[in-house]
J.: 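Following this message is one structure expressed as structure tokens.
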Amino acid sequence: MAKTWVKVGGAGACTVAVLAFLLNQSTSAAPKPDLKPSAHWVFDADAVAGKTVTDRAGKLTGTLLGAPALVTESNAGAYLHLTGPDDGVMIKTRVAPDAPFLPKEALSVVAWVRVDEPTEWTGVLGCFQDNGPAETGFIVGTNKKKFFFGLSTKGADDGDGKMTYLESKSEFARGRWHHIAAVYDGKQMQLFVNGQLDSTSTEQSGPVLYSKSAPLVIGRYKDDNEDYPLHGAIKEVLLCPHAIAADQVTSHFQADKALVDVPSVVPEGPRFVVEPYLQYVTRTGITVMWETEDPCTAVLEYGTALPAKQQVKVEKPDTMGEVALTGLEPNTKYFYRVVCQDAQGRKLEGKPLTFMTAPGSNDAFSFTVIGDTQRNPVVTGKVAKLMWERRPNFVVHCGDVVDDGASKAQWTGDLFKPCHELFGRVPVFPCIGNHEKDHPHYYKYFSLPKPEYYYSYTYGNAEFFVLDTNSKRNLKSDGEQYKWLEKALAASTAKWKFCYHHHPAYCSDDDDYGNTWKGSSTYGDVRVRNFVALYEKYKVDVVFNGHVHVYERTWPIREGKVDQKNGIVYVTSGGGGGGLENFAPTPPFFKQQFRSDFHFCYANIHQGTFDLKAFDQEGRLFDQFTIKKD
Ligand SMILES: [Fe+2]
Ligand SMILES: [Fe+2]
């Protein structure tokens with residue numbers, strides 16, 4: 001996605017004071033004009049039946065996605081409440097450019113919308129593709145706290161389509177109703193907010209340019225490679241194959257203008273974009289992080305009892321918060337709470353949370369393993385809940401934490417949001433996968449010892465060595481990581497040694513390392529296998545990886561053979577949400593247990609006993625193994 005923005009002149013959006021509060025046709029402030037739409041979706045009990053949404057003007061029946069609620073309130077009337085990560089309304093999954101219901105020469109989209117949680121990209125109504133430089137169709141939505149009207153036309157076509165994102169000058173009020181109208185007459189784009197012209201652009205001209213296929217969707221910013229929900233509410237959406245006159249827009253707004261005076265459904269003041277979460281716990285320290293919508297100062301309260309008496313102040317206003325606590329008691333439960341304050345002095349009080357410092361080498365502890373959460377918040381949420389129910393001491397993430405490291409919406413909406421309860425109480429130790437694209441977001445959201453892309457940590461009697469196995473790193477014996485790993489493994493006195501990285505040294509995948517249905521495979525990443533010599537030399541116990549979206553546990557391997565006595569077990573755990581993969585038709589020499597399903601692993605260690613269990617997304621145990629040593 002390469003988005004270009006235009007910011008242009010126009011009348012400012014204004015809030016119109018109204019007297020009437022009752023909202024229905026008979027008591028409206030003004031008669032509602034007939035905008036002659038080709039499609040008109042109204043979210044009320046007459047139109048929504050089960051999963052079906054009737055089109056009052058045409059034949060574009062919609063289907064509810066996820067589980068949005070149809071709500072009726074005395075002051076706002078009926079609306080569709082969109083709260084879940086997969087909520088929305090699918091009108092058509094694939095629309096061809098010559099579909100008769102698509103506006104061609106001109107178009108208007110009119111809607112009553114409420115955004116409760118502003119995020120990076122949301123959609124009100126769209127039929128578009130924005131895939132790298134290829135940009136086609138139209139989309140009306142929001143970006144952070146502004147509305148936008150995206151349009152691609154034949155007049156501005158640069159070969160594969162060029163979209164103009166016309167952004168509203170004014171910010172919308174979170175949790176309050178807004179009337180928006182996006183109008184295009186073949187020469188000019190106009191964006192109206194609450195009946196007033198807000199912004200215009202003449203960058204586009206001529207007929208709308210559509211791709212070969214695009215979905216027509218309400219309540220999501222959705223094309224072939226992006227899919228983000230709107231968190232809020234929609235009352236009605238109209239699609240017109242013509243440009244609506246400005247006075248018609250105003251009249252349409254006026255008819256239900258009492259909606260803009262309905263109080264906000266969300267509290268005023270600062271808001272967490274990412275709720276507080278934990279990083280890099282040791283016996284005497286831990287790092288607490290969070291992100292707010294606007295810059296805030298903060299106080300981190302912590303202590304071994306409530307109310308927590310110790311404090312760390314963050315005096316410099318920022319959207320990212322990061323406090324490294326030191327001098328803590330080992331193996332001890334702490335309470336903590338983040339209290340933020342914005343420039344207006346408004347406070348945001350996080351809920352009291354807990355963490356546990358690392359135990360000593362004789363104490364029992366547990367951790368969970370997940371990989372490849374990517375962009376599937378429903379499954380990631382299910383797996384995160386199951387992990388939290390096990391009350392692990394920490395979480396190992398085997399990389400591909402998001403699907404596109406450059407997409408902030410994926411970090412906030414697809415990773416941290418479904419994992420917030422777990423990550424707020426259990427520190428996560430990640431490794432970087434290929435889908436993060438080495439983007440600064442990885443280094444912004446995770447706080448790890450420098451140089452961050454590789455690091456190690458000790459927990460109880462175990463030491464964990466974390467590597468970056470992406471191709472931009474030199475993984476050979478003269479590379480930085482190899483040299484570091486050799487030194488670190490040689491120096492380690494830990495009873496248990498675990499390594500993890502994203503790509504597998506060994507796996508039974510069918511097509512990542514050669515198409516096994518048609519030819520041969522290396523059954524793993526040969527670049528990563530360079531590290532195996534070190535694993536074997538320094539007696540690493542288990543190696544974890546993700547990348548292949550399955551579960552697999554190998555027989556213990558040493559020197560390219562199964563060696564039950566001295567071999568190393570390799571565990572692939574890539575079942576956190578990314579699309580599931582398949583296995584080769586014939587088994588490689590190391591194959592022992594595998595399963596293609598969403599899952600997580602749960603490991604327990606006490607002194608010389610290591611036990612690992614694998615659970616599927618329903619919490620059903622499907623594999624277990626134990627290693628014992630003196
Ligand atoms: Fe992946
Ligand atoms: Fe991957």
Side-chain angles (χ1 to χ4, degrees), residues 224-227 368-384 387 395-407 409-411 413-416 418-419 428-439 441-443 445-446 452-454 466-473 475 481 499-516 521-531 543-553 570-584 594-601 614 616-617:
D224 281 356
N225 65 2
E226 291 174 286
D227 188 6
T368 56
V369 183
I370 188 176
D372 302 82
T373 39
Q374 305 215 170
R375 194 182 63 192
N376 192 345
V378 174
V379 166
T380 299
K382 273 176 85 173
V383 176
M387 289 199 289
V395 177
V396 163
H397 198 307
C398 292
D400 282 358
V401 300
V402 291
D403 201 60
D404 177 3
S407 167
Q410 289 186 19
W411 287 90
D414 297 334
L415 177 67
F416 284 108
C419 294
V428 57
F429 289 92
C431 74
I432 192 164
N434 51 307
H435 278 272
E436 289 84 350
K437 300 176 181 171
D438 208 31
H439 193 275
H441 281 144
Y442 182 84
Y443 304 96
Y445 283 116
F446 295 129
E452 297 199 69
Y453 68 87
Y454 65 81
V466 188
L467 301 173
D468 176 350
T469 48
N470 283 294
S471 50
K472 73 179 282 186
R473 311 291 180 202
L475 305 182
Q481 286 191 91
C499 288
Y500 61 97
H501 38 66
H502 184 59
H503 303 82
Y506 296 98
C507 75
S508 302
D509 178 75
D510 67 339
D511 58 3
D512 275 26
Y513 302 103
N515 187 338
T516 56
S521 168
T522 54
Y523 295 110
D525 191 321
V526 291
R527 299 167 314 117
V528 177
R529 227 171 266 166
N530 287 333
F531 290 117
V543 176
F544 296 97
N545 64 268
H547 192 56
V548 181
H549 300 172
V550 297
Y551 170 83
E552 176 162 18
R553 169 169 64 88
Y570 293 81
V571 174
T572 295
S573 184
L580 295 171
E581 296 187 58
N582 201 1
F583 298 105
F594 58 43
R595 183 178 173 114
S596 180
D597 200 353
F598 299 118
H599 71 276
F600 70 100
C601 303
D616 70 11
Q617 59 173 323

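Just so you know, ligand 1 is whichever comes first in the structure, and atom 1 is the first atom listed for that ligand.
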J.: Short check: any N/O/S atom of His503 below 2.8 Å from the Fe ion (ligand 2)?
T.: no
J.: Taking atom NE2 of His397 and atom SG of Cys419, what is their separation to the nearest 0.5 Å?
T.: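 Taking NE2 in His397 and SG in Cys419, the distance rounds to 7.0 Å.
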J.: Which of parallel (below 30°), tilted (30 to 60°) and perpendicular (above 60°) describes Phe416 and Tyr445?
T.: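 Ring orientation of Phe416 relative to Tyr445: tilted.
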J.: Between OH of Tyr523 and CZ of Arg529, what distance do you get to the nearest 0.5 Å?
T.: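 Tyr523 atom OH to Arg529 atom CZ measures 11.0 Å (nearest 0.5 Å).
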J.: Within a strict 4.5 Å, meaning less than it, do heavy atoms of the Glu552 and Asp509 side chains meet?
T.: no
J.: Report the atom name of the nearest N/O/S atom of His547 relative to the Fe ion (ligand 2).
T.: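 Checking each N, O and S atom of His547, the shortest distance to the Fe ion (ligand 2) belongs to ND1.
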J.: Below 2.8 Å, can you find an N, O or S atom of Asn434 next to the Fe ion (ligand 1)?
T.: no
J.: How many angstroms lie between CG in Asn545 and OH in Tyr500, if you round to the nearest 0.5 Å?
T.: 12.5 Å
J.: Tell me which N, O or S atom from Asp400 is the closest to the Fe ion (ligand 2).
T.: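 Sorting the N, O and S atoms of Asp400 by distance to the Fe ion (ligand 2) puts OD2 first.
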J.: Name of the Asp372 N, O or S atom nearest the Fe ion (ligand 1)?
T.: OD2
J.: To the closest 0.5 Å, what do you measure between NE2 (His435) and OG (Ser407)?
T.: 13.0 Å
J.: With carbon and hydrogen excluded and only N/O/S kept, which atom of His549 is nearest the Fe ion (ligand 1)?
T.: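 Minimum-distance N/O/S atom of His549 relative to the Fe ion (ligand 1) is NE2.
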J.: Taking N, O or S atoms only and a limit of 2.8 Å, check whether His502 reaches the Fe ion (ligand 2).
T.: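 True for His502.
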